[in-house]
Amino acid sequence: MRLAALFSGGKDSTYAIYLMERRGHDVKYLLTVFPESDESLYFHYPNIELTKLQAEAMMKRQLVERCGIGRDEEISALTRLIKKVSGMVDGVISGAIASRFQLKAFKEACERYDLDLFAPLWGMNPLTILREMINQGFEVIITGVAAAGLGKELLGARLTPSLVEEIEEISNKFGVNPAGEGGEFETFVLDAPIFRRRIKVVEAEVDWRSDRGFLRIKGAELVKKKII
């Protein structure tokens with residue numbers, strides 16, 4: 001089946017592509033919305049421009065739309081993207097896990113063009129997803145935090161088994177979604193089994209705003225993957 005993927009550069013959208021390709025589907029296009037604000041309702045904000053490097057690493061064609069602030073602006077940008085691939089693919093992939101708010105919006109946009117929506121992570125245990133990613137060789141860093149229990153020290157931290165345990169403890173104590181799906185934290189994928197090259201961060205800085213913040217990647221490049 002020919003598919004396009006809603007792609008943010010974060011762990012969930014990347015892992016969803018990985019799972020669908022393992023099932024034998026051909027993911028031809030990456031659909032990315034560049035939101036104007038970090039208050040976006042539906043889309044990833046930190047380092048979104050670096051998805052271009054990830055698309056190159058996966059050797060996939062990326063289609064981009066920019067959007068202003070507000071639900072209508074975001075849905076309009078999403079719809080424009082899906083319209084671009086209608087007739088060229090059979091369906092669209094989403095990395096949604098439990099957000100009915102997101103899934104409903106994505107499904108309605110796909111239905112306008114008679115496209116199926118696939119959400120391979122839907123209903124999975126978030127902690128299981130994190131552990132599976134690590135086991136499959138995903139290299140993921142945290143690039144945004146915005147919830148109680150998540151501090152400045154996590155920005156730039158790599159997803160490891162010990163960090164997953166820490167996230168689980170924070171989730172139990174503060175009610176944070178372990179996958180960060182509600183915007184509690186954001187991630188960026190540096191490497192994955194579907195990358196032909198990995199991404200090396202050359203320069204980054206922390207932008208901290210009282211009780212939340214971002215890791216802004218100011219320089220990055222594609223490098224050869226290590227042969228194990």
Side-chain angles (χ1 to χ4, degrees), residues 6-16 32-51 54 69 71 74 94-103 119 121-192 199-220:
L6 299 174
F7 183 66
S8 69
K11 58 181 176 52
D12 299 333
S13 61
T14 310
Y15 195 52
T32 306
V33 175
F34 283 30
E36 181 180 313
S37 167
D38 59 11
E39 297 294 335
S40 173
L41 295 172
Y42 295 102
F43 304 113
H44 192 91
Y45 175 78
N47 308 298
I48 192 68
E49 67 282 354
L50 292 180
T51 54
Q54 294 167 313
I69 299 171
R71 180 184 183 280
E74 294 184 23
S94 165
I97 299 172
S99 172
R100 296 187 183 280
F101 174 72
Q102 280 189 342
L103 196 71
L121 307 185
W122 187 257
M124 290 180 64
N125 182 298
L127 293 168
T128 298
I129 293 172
L130 297 182
R131 293 184 176 109
E132 286 185 357
M133 285 181 191
I134 295 169
N135 290 337
Q136 295 298 332
F138 278 69
E139 185 179 355
V140 180
I141 58 173
I142 293 180
T143 54
V145 293
L150 302 176
K152 184 178 180 180
E153 71 282 354
L154 288 179
L155 294 174
R158 278 172 166 73
L159 190 64
T160 61
S162 60
L163 182 55
V164 173
E165 289 182 7
E166 184 178 343
I167 290 171
E168 183 175 15
E169 292 174 2
I170 292 170
S171 174
N172 291 335
K173 184 174 181 180
F174 295 99
V176 171
N177 184 313
E181 193 176 31
E184 293 94 336
F185 65 92
E186 305 280 8
T187 60
F188 185 80
V189 178
L190 298 176
D191 195 12
I199 294 172
K200 177 183 177 182
V201 175
V202 177
E203 182 182 2
E205 66 178 15
V206 171
D207 178 3
W208 190 252
R209 307 175 184 180
S210 180
D211 60 352
R212 63 180 183 137
F214 302 106
L215 180 76
R216 299 195 182 279
I217 300 174
K218 301 178 71 176

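The shortest side-chain heavy-atom distance between I141 and L215 falls under the 4.5 Å cut-off. Residues F188 and K11 are not in side-chain contact: their nearest non-hydrogen atoms beyond the backbone lie 4.5 Å or more apart. Within the 4.5 Å cutoff, side-chain heavy atoms of L163 are placed close to those of L154. Annotation: side chain of F214 is not in contact with side chain of T143 (no heavy-atom distance under 4.5 Å). Side-chain atoms of T160 and V164, non-hydrogen and from C-beta on, never get closer than 4.5 Å to each other. No side-chain heavy atom of E49 sits less than 4.5 Å from a side-chain heavy atom of I217.
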TODO: Decide side chain to side chain contact (heavy atoms under 4.5 Å, CB included) for L159 and T187; before the verdict, give the C-alpha distance in whole Å, the side-chain angles of both, and the deciding distance to 0.1 Å.
DONE: CA-CA 9 Å; L159 190 64; T187 60; over 6 Å; no
Task: Steps toward side chain to side chain contact (heavy atoms under 4.5 Å, CB included) verdict (E139, V189) - done: CA-CA 6 Å; E139 185 179 355; V189 178; over 6 Å; no
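Nearest heavy-atom pair across G151 and W208 is C-CH2, 3.9 Å. Closest heavy-atom contact between V176 and S171: O-OG, 2.7 Å. Scanning both residues, I170 and A148, for their nearest heavy atoms gives CG2-O, 4.0 Å. The two residues L121 and D12 come nearest to each other via the heavy atoms CD1-O, 3.5 Å. Here the closest heavy-atom approach between residue L6 and residue S94 is recorded as CD1-CB, 4.3 Å. Of all heavy-atom pairs spanning G10 and T14, the tightest one is O-OG1, 2.7 Å.
The closest donor-acceptor contact from the side chain of E184 to the backbone of N177 lies under 3.5 Å. Side-chain atoms of N47 never come within 3.5 Å of backbone atoms of L50 as a donor-acceptor pair (strictly under, hydrogens ignored). For the pair T32 (side chain) and S8 (backbone), a donor-acceptor distance under 3.5 Å is absent. Remark: the backbone N or O of M124 is not paired with any side-chain donor or acceptor of W122 at under 3.5 angstrom. Within the 3.5 Å criterion, the main-chain N or O of A220 finds no donor-acceptor partner in the side chain of E203. Side chain of E186 to backbone of V145: no donor-acceptor contact under 3.5 angstrom is found. Checked by atom type and distance alone, the side chain of S99 pairs as donor or acceptor with a backbone atom of Q102 at under 3.5 Å.
With values rounded to the nearest 0.5 angstrom, N172 atom CG is found 8.0 Å from E169 atom CD.
The side-chain hydrogen bond (donor to acceptor under 3.5 Å, both in side chains) check on E165 picks up nothing, with sequence neighbours excluded. In this structure, the salt bridge (Lys or Arg N to Asp or Glu O under 4.0 Å) partners of E168, at least two apart in sequence or on a different chain, are R131.
Salt bridge annotation for D211-R209: absent, with no cationic side-chain nitrogen under 4.0 angstrom from a carboxylate oxygen.
None of L190, V140, I134, I142 except one satisfies the side chain to side chain contact (heavy atoms under 4.5 Å, CB included) rule with R158; the exception is L190.
Sequence neighbours left out, the pairs with a member in residues 125-178 that pass ring-ring contact (aromatic ring centres under 6.0 Å, His included) are Y15-F138, Y18-F138.
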